[in-house]
Protein chains: 2
Amino acid sequence: MKRRNTATKEAVLSVLNASGKAMSQSAIEKKINVDINRATIYRVLNNYCEDGILHRIVADDGRQYFAICLECDEDRKSLHHFHFRCEKCETISCLPEPVNFSLSNDYIVEKVNCILTGVCKDCSTS
Amino acid sequence: MKRRNTATKEAVLSVLNASGKAMSQSAIEKKINVDINRATIYRVLNNYCEDGILHRIVADDGRQYFAICLECDEDRKSLHHFHFRCEKCETISCLPEPVNFSLSNDYIVEKVNCILTGVCKDCSTS
DNA sequence: TGTATTATTGCAAGAGTGTCGCAATAAATA
DNA sequence: TATTTATTGCGACACTCTTGCAATAATACA
Ligand SMILES: [Mn+2]
Ligand SMILES: [Mn+2]
Ligand SMILES: [Zn+2]
Ligand SMILES: [Zn+2]
């Protein structure tokens, strides 16, 4: 399915870019000035994930958050890194901390979802 | 709030014991022969978590799973371990693999939730 | 530029998960 | 046995995410 460029898609990506954090659908909707339908935002986000533009984090609040895959390929902050959810400022950010584990080979690992929750450094030092 | 012993609570714990896996409310409800109200099961599970009998895992399907805290204190399979969600057999199990990370001290980590998703060793070797 | 194709969107509805208030019930204690 | 109050079922709610359908609009191509 070939993608088309739309104002909606650009707006979603631009909000995520500006925040530098992982954001939920509702957070994105609040940050966008124009009115975009909830379902549409979800569809856009899901497409971006399929295309490897975004990655999806399911936090321990059970909700989905989306972040731009900046360094997902090149940097050492590679495919699998921890995420931090701050309960004070209610943000989720990608940590430079890699996720390490070793399982016997008969496990097939397809997704890694690691969340640390607590108070982020900005909130704890103020 | 002092706890009381009820058939419901025992049934929930016994199902979790028998399975040896982490289970969701709906999975528990299906496994219990008697009819127990959904809300009640959730309340029982939440109480067990408060009391340190169970621990709660939020999987990357956004749902809550509950597992018995066997080795949570004594064993090396300590407080923070990985969990594996198999998409074939739809089970979640506690792995003996510990979660390691090092953050700067100004982060306050209160919860650790690490899920690996894929195909478990039972399903991949058959 | 005009037209056909089909990806995108809004809307409404639905499925699923988890919580909460309230009144009825029953476990624990004296 | 009588009292206290934890537990339960029920209903309702909030919330997240998805899906079908018809209308719209981006893209490619004549
Ligand atoms: Mn990330
Ligand atoms: Mn566990
Ligand atoms: Zn914070
Ligand atoms: Zn399996």
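Since the model is a prediction, treat every value here as computed from it, not as a measurement. Numbered from 1 within each chain, the chains take letters A, B, ... in sequence-line order.
When DNA chain D is scanned in the 5' to 3' direction for atoms under 4.0 Å from non-hydrogen atoms of chain A, the outermost contacting nucleotides are dT16(D) to dA28(D).
Both Phe82(A) and Phe101(A) are part of a single hydrophobic cluster, where members link through side-chain heavy atoms under 4.5 Å apart.
Arg3(B) meets the salt bridge (charged side-chain N to carboxylate O under 4.0 Å, His left out) test with Glu50(B), Asp51(B); sequence neighbours excluded.
Ring centroids of His83(A) and His55(A) are separated by less than 6.0 Å, placing the two rings close together.
Between Lys2(B) and the phosphate of dT29(C), there is a side-chain N or O to OP1/OP2 separation shorter than 4.0 Å.
Base engagement by Arg4(B) is indicated by at least one non-hydrogen atom pair under 4.0 Å involving a base atom.
Less than 4.0 Å separates DNA chain D from no heavy atom of any residue of residues 12-36 of chain A.
Looking only at distances, no side-chain donor or acceptor of Lys31(B) sits under 3.5 Å from a matching main-chain atom of Val12(B).
Of the listed residues (Arg38(A), Gln64(A), Lys30(A)), just one forms a side-chain contact (heavy atoms from CB on, under 4.5 Å) with Gln25(A), and that residue is Arg38(A).
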- List the steps and the verdict of side chain to side chain contact (heavy atoms under 4.5 Å, CB included) for Ile53(B) and Ile68(B). CA-CA 6 Å; Ile53(B) 312 291; Ile68(B) 294 181; 5.7 Å; no
- Message: Please determine whether ring-ring contact (aromatic ring centres under 6.0 Å, His included) holds for the pair Tyr107(A) and Phe84(B), giving the CA-CA distance in whole Å, both sets of side-chain angles, and the decisive distance to 0.1 Å.
- Response: CA-CA 9 Å; Tyr107(A) 279 99; Phe84(B) 195 92; 4.8 Å; yes
- Message: Run the side chain to side chain contact (heavy atoms under 4.5 Å, CB included) test on Leu95(B) and His81(B) for me, step by step, so that the C-alpha distance in whole Å, both residues' side-chain angles and the decisive distance to 0.1 Å come before the verdict.
- Response: CA-CA 6 Å; Leu95(B) 295 176; His81(B) 50 269; 5.7 Å; no
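Among residue pairs with one or both ends in residues 84-94 of chain A, those qualifying as salt bridge (Lys or Arg N to Asp or Glu O under 4.0 Å) are Asp60(A)-Arg85(A), Arg85(A)-Glu87(A), Glu87(A)-Lys111(B); sequence neighbours excluded.
Arg3(B) places its CZ atom 18 Å from the C1' atom of dT29(C), with the value rounded to the nearest Å. Here dT17(C) presents its P atom at 19 Å from CG of Asp60(A), a figure rounded to the nearest Å.
Put simply, the side chain of Lys9(A) reaches to within 4.5 Å of the side chain of Tyr48(A), judged on heavy atoms. In this structure, Asn113(A) and Thr117(B) have side chains that are not in contact, with every pair of non-hydrogen atoms separated by 4.5 Å or more. No side-chain heavy atom of Ile115(B) sits less than 4.5 Å from a side-chain heavy atom of Val58(B). Inter-residue side-chain proximity for Leu16(B) and Leu45(B) is flagged as met; some heavy-atom pair is nearer than 4.5 Å.
Taken over five-pair windows at either terminus, the axes of the helix from dT1(C)-dA30(D) to dA30(C)-dT1(D) are inclined to one another by 30° (rounded to 10 degrees).
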Pairwise N/O distances under 3.5 Å, protein to nucleotides 19-23 of chain C:
residue : atom : partner  : partner atom : Å
dT19(C) : OP2  : Asn46(B) : ND2          : 3.2
dG21(C) : O6   : Arg43(B) : NH1          : 3.2

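Heavy-atom distances to DNA chain C give each of Asn5(B) and Ala7(A) a nearest nucleotide, and the one nearer the 5′ end belongs to Ala7(A). Both Thr6(A) and Gly62(B) lie near DNA chain C, and the one whose nearest nucleotide falls closer to the 5' end is Thr6(A).
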